[in-house]
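Residue numbers count from 1 along this sequence. Worth knowing before you read on, the calculation uses all heavy atoms, side chains too, and leaves out hydrogens, waters and symmetry mates. Worth saying up front: this structure is predicted, and the values here are computed from it rather than measured.
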Amino acid sequence: VKVARYVAQDNNSVVLHCSDGWDRTAQLSSLAMVMLHPHFRTIRGMCELIEKEWLAFGHQFARRCGHADGKMEQESDSQRSPVFLQFLDCVWQLS
């Protein structure tokens, strides 16, 4: 909400960058775009958004969901973080 508010109400630019840029950066920018522009609330817009913000920046879907190597080891668990699923839930909550 803060990102969308800075852009829409305050007419400010915003720079987002989390530690690696694959997870929270994509999540925050995507949610802001969904809030700011109705195009990203359409099926086509959501597809473009996922391609632009998640795929193009290299989000590690398999590793984050725990499907990277098919093993359920503690080492692979340390990389598990279902950020994309959380993003989808946030979009559902917004709608």
Side-chain angles (χ1 to χ4, degrees):
V1 172
K2 282 184 179 182
V3 174
R5 188 174 296 140
Y6 287 143
V7 173
Q9 291 179 353
D10 301 337
N11 290 323
N12 286 324
S13 297
V14 177
V15 175
L16 296 171
H17 190 321
C18 296
S19 57
D20 59 17
W22 293 325
D23 296 319
R24 293 173 308 269
T25 305
Q27 186 181 52
L28 291 173
S29 62
S30 297
L31 287 170
M33 286 190 257
V34 167
M35 287 184 259
L36 289 168
H37 202 287
H39 171 70
F40 295 116
R41 294 178 224 139
T42 66
I43 297 292
R44 178 173 283 177
M46 183 60 69
C47 291
E48 291 171 9
L49 181 74
I50 292 168
E51 183 176 340
K52 180 170 85 81
E53 296 297 314
W54 295 83
L55 296 172
F57 280 102
H59 180 71
Q60 299 176 2
F61 287 97
R63 179 170 283 159
R64 295 299 184 247
C65 290
H67 302 299
D69 58 7
K71 298 176 185 173
M72 298 303 280
E73 299 174 2
Q74 279 188 329
E75 183 177 313
S76 63
D77 283 348
S78 70
Q79 294 295 313
R80 190 173 296 166
S81 178
V83 176
F84 184 73
L85 297 177
Q86 185 181 41
F87 161 72
L88 292 177
D89 183 58
C90 290
V91 171
W92 183 81
Q93 296 292 331
L94 285 170
S95 66

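Between Arg24 atom CZ and Leu28 atom CG the span is 8.5 Å, to the nearest 0.5 Å.
In plain terms, the two heavy atoms of Ala32 and Ala4 that are nearest each other are CB-N, 4.4 Å. Heavy-atom minimum distance, Arg41 versus Val34: NE-O, 2.7 Å. Of all heavy-atom pairs spanning Leu49 and Phe40, the tightest one is CB-CD2, 3.8 Å. Leu94 approaches Met35 most closely through the heavy-atom pair CD1-CG, 4.0 Å. Between Leu36 and Ala8, the shortest heavy-atom distance links the atoms CD2-CB, 3.6 Å. Smallest separation of non-hydrogen atoms from His59 and Phe84: NE2-CB, 4.1 Å.
The closest side-chain heavy-atom distance from Leu31 to Phe87 is below 4.5 Å.
Among residue pairs with one or both ends in residues 86-95, those qualifying as side-chain hydrogen bond (donor to acceptor under 3.5 Å, both in side chains) are Gln27-Gln86; sequence neighbours excluded. Listed by first and then second residue, the side-chain hydrogen bond (donor to acceptor under 3.5 Å, both in side chains) pairs involving residues 29-39 are Ser29-Glu53, Ser30-Trp54, His39-Glu48 (not counting sequence neighbours).
Taking Val14 as the reference, Val3, Tyr6, Val7, Leu16 meet the side chain to side chain contact (heavy atoms under 4.5 Å, CB included) condition, with sequence neighbours excluded.
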